[in-house]
Amino acid sequence: MMVKAESSLENPIVLGIESSCDETGMALVQNGRILAESLASSMDEHKRFGGVIPEIASRAHVESLDSVYAELLEKIRVVKPEFKIEDISAIGVTGHPGLIGCLTVGASFAKGLALSLNKPIYDVDHIKAHILAAGLNPDLDKGLPDRFLGLIVSGGHSSLFLVENNLTSIVDGDKNGPKFTELGGTLDDAAGEAFDKVGRLLGLEYPAGPVIDKLAQEGTPCVDFPRPLTDPKFMDQHKYDFSFSGLKTAAVRFLQSKEATNISKQDFCASFAEAVADVLTIKTIWAAKEYHIDTIVIGGGFSANSQLRGRLKMVANSHKINLIAPPIRFCTDNGAMIANLTEKLYLSEVEENKLDFTVKSF
Ligand code: KG4
Ligand code: ZN
């Protein structure tokens, strides 16, 4: 087991490394605030294939890790000229879920660093990190509350989590860190994935999500697409699970039908986006009511979606529930969200991982 530096528990500086998909991200975080961060993306290299190609993404991480790390050190030395690498108290790296090759590259780098610096390493859950990322927003006066509902929506996930002990775990040195209970998850296509696939049929470049969002803002919903798993008959089994594959197929079938010629691309996108936003909103509000939660926090790349933000805000307000929707830069993949959760694990005195931990795709 690694030895913790004596003073490190007071105001530790923690390094986070993210490499689960197409972003290579690193950041140094202290007291829940970003000191420095650096990011490289291979998104442009995947565009012509219409989706992320794992092998290309893995190679891109290999190529950019050194420069992302060098840039991070340059940036921290602007803020803290006296900074030394040894001042890092703990290192966290995304260990799961993600593309296995991509995760392996980031974890190998992190392990090498942890070994050479003799610092503890944490195998960080990417989804849990997304949930807490909104707390990094300096405009959020009081940070995230102790107990809240997290809706994580990305290209790979649509999940609802009940988060407890977010603050008390640190105050009490709870050896488990914040508690995450998954209420429901992704049964097939995630929200972002459904947008990207429908976008491909519309001839849009990957990732199509932001473009569909923009088109939808210019249109009016007029097609009544299904709202999967919101029927009371699914209450017992899949109350908080999400399935967007059927809705995606309905949208694709519509586009291939004669009816599609009668409506504009904008109106089609508005109808499709409204259906997805509706499903996410309905289930999130059900969960908030059932678990007596007064704050909902959203995260993940798809949480940038305007239709979701608009609908969820309106319905949450009507139930007197607070919605924390962070700026987009905290929604997409980055190193700061990994450092942020790592800091919480470290401060809560959660046991570090052994250097031989294995990364997992799930
Ligand atoms: O979390 P993220 O950056 O990567 C992972 O999937 O982990 O999310 C990317 C996904 C893509 O599917 C993209 O199309 C979608 O988020 N997305 C959006 C918007 N911005 C990003 N989907 C709809 N509306 C948006 N504004
Ligand atoms: Zn992500």
Side-chain angles (χ1 to χ4, degrees), residues 16-25 39-43 46-47 49-54 57 61 93-99 102-103 106 124-134 150-159 161 185-186 188-202 204-219 242 244-245 247-248 251 269-270 272-280 298-312 325-338 340-341 361-362:
I17 302 175
E18 157 62 28
S19 74
S20 66
C21 190
D22 54 354
E23 254 95 37
T24 316
L39 191 74
S41 175
S42 63
M43 190 183 290
H46 307 289
K47 278 200 158 89
F49 301 104
V52 175
I53 306 295
H61 290 305
V93 61
T94 304
H96 60 104
L99 300 168
C102 295
L103 293 167
V124 176
D125 183 314
H126 182 85
I127 304 298
K128 292 176 181 171
H130 262 310
I131 298 175
L132 300 184
L151 170 68
I152 291 310
V153 264
S154 70
H157 292 88
S158 325
S159 313
F161 281 84
T186 325
D188 39 54
D189 287 1
E193 194 177 358
F195 264 54
D196 293 339
K197 286 179 178 169
V198 168
R200 202 178 304 168
L201 208 71
L202 286 169
L204 306 175
E205 222 178 38
Y206 172 84
V211 190
I212 294 187
D213 179 339
K214 196 157 174 294
L215 288 167
Q217 289 176 48
E218 296 159 8
F242 296 99
F244 290 113
S245 158
L247 173 52
K248 173 201 67 186
C269 289
F272 175 61
E274 185 191 53
V276 173
D278 237 7
V279 173
L280 292 167
I298 59 172
F302 188 89
S303 69
N305 180 258
S306 337
Q307 292 76 38
L308 171 64
R309 285 182 173 228
R311 183 109 190 96
L312 191 54
I328 312 305
R329 76 182 197 94
F330 295 112
C331 298
T332 47
D333 292 351
N334 60 77
M337 68 184 204
I338 305 303
N340 180 47
L341 177 50
S361 60
F362 48 88

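For ligands, and for the atoms within them, numbers begin at 1 and follow the listed sequence.
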Task: Proximal heteroatom of Asp333 relative to the Zn ion (ligand 2) (N/O/S) - done: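 The closest N, O or S atom of Asp333 to the Zn ion (ligand 2) is OD1.
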TODO: Angle at the Zn ion (ligand 2): provide the value between NE2 of His130 and NE2 of His126, rounding to 10 degrees.
DONE: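 The two atoms form an angle at the metal of about 90°.
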Open item on the list: Check the orientation of Phe242 and Phe244. Use parallel for under 30°, tilted for 30 to 60°, and perpendicular for over 60°.
Closed with: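 The arrangement is parallel - the two ring planes meet at less than 30°.
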Open item on the list: For Phe302, which part has a heavy atom under 4.0 Å from ligand 1: side chain, backbone, both, or neither?
Closed with: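 Phe302 to ligand 1: contacts from backbone and side chain alike.
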- [ ] May I ask you to identify, for Asp213, whether its side chain, its backbone, both or neither come under 4.0 Å of ligand 1 on a heavy-atom basis?
- [x]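 Under 4.0 Å from ligand 1, Asp213 contributes side-chain atoms alone.
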Open item on the list: For ligand 1 and Gly155, I'd like to know whether there is a polar contact (N/O to N/O, distance under 3.5 Å).
Closed with: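 Indeed, backbone or side chain, Gly155 has an N or O that close.
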Closest approach of any protein heavy atom to [atom], naming residue and atom:
atom: atom 19 (C) of ligand 1; answer: Pro210 N, 3.8 Å
atom: atom 7 (O) of ligand 1; answer: Asp333 OD2, 3.6 Å
atom: atom 11 (C) of ligand 1; answer: Asp196 OD2, 3.5 Å
atom: atom 8 (O) of ligand 1; answer: Gly301 CA, 3.3 Å

Any atoms of ligand 1 less than 4.0 Å from a non-hydrogen atom of [X]? List them with their elements.
X: Gly156; result: 6 (O)
X: Pro207; result: 13 (C), 14 (O)
X: Gly192; result: 12 (O)
X: Asn305; result: 23 (C), 24 (N), 25 (C), 26 (N)
X: Phe195; result: 23 (C)

Open item on the list: Can you confirm whether Lys47 is buried at NZ, in the sense that more than 12 heavy atoms of other residues, nucleotides or ligands lie under 6.0 Å from that atom?
Closed with: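 More than 12 heavy atoms, drawn from other residues, nucleotides or ligands, come within 6.0 Å of this atom.
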Open item on the list: Tell me if the aromatic rings of Phe195 and Phe272 count as close, with their centers under 6.0 Å from one another.
Closed with: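 Between Phe272 and Phe195, which both carry aromatic rings, the centre distance is below 6.0 Å.
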TODO: Identify which one of Ser20, Ser19, Ser41 satisfies the side chain to side chain contact (heavy atoms under 4.5 Å, CB included) criterion when paired with Asp333.
DONE: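 It is Ser20; the other options fail the test.
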TODO: Would you check if there is a donor-acceptor pair between the side chains of Gln217 and Ser306 at a distance under 3.5 Å?
DONE: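 Present: a donor and an acceptor within the cut-off.
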Open item on the list: Distance alone, cut at 3.5 Å: any donor-acceptor contact between the side chains of Thr24 and His61?
Closed with: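 Their side chains do contain a donor-acceptor pair, which is all the 3.5 Å distance test asks for.
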TODO: Evaluate the side-chain proximity of Gln307 to Glu274: yes if any heavy-atom separation is below 4.5 Å, no if none is.
DONE: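 Counting from C-beta outward, Glu274 and Gln307 never come under 4.5 Å.
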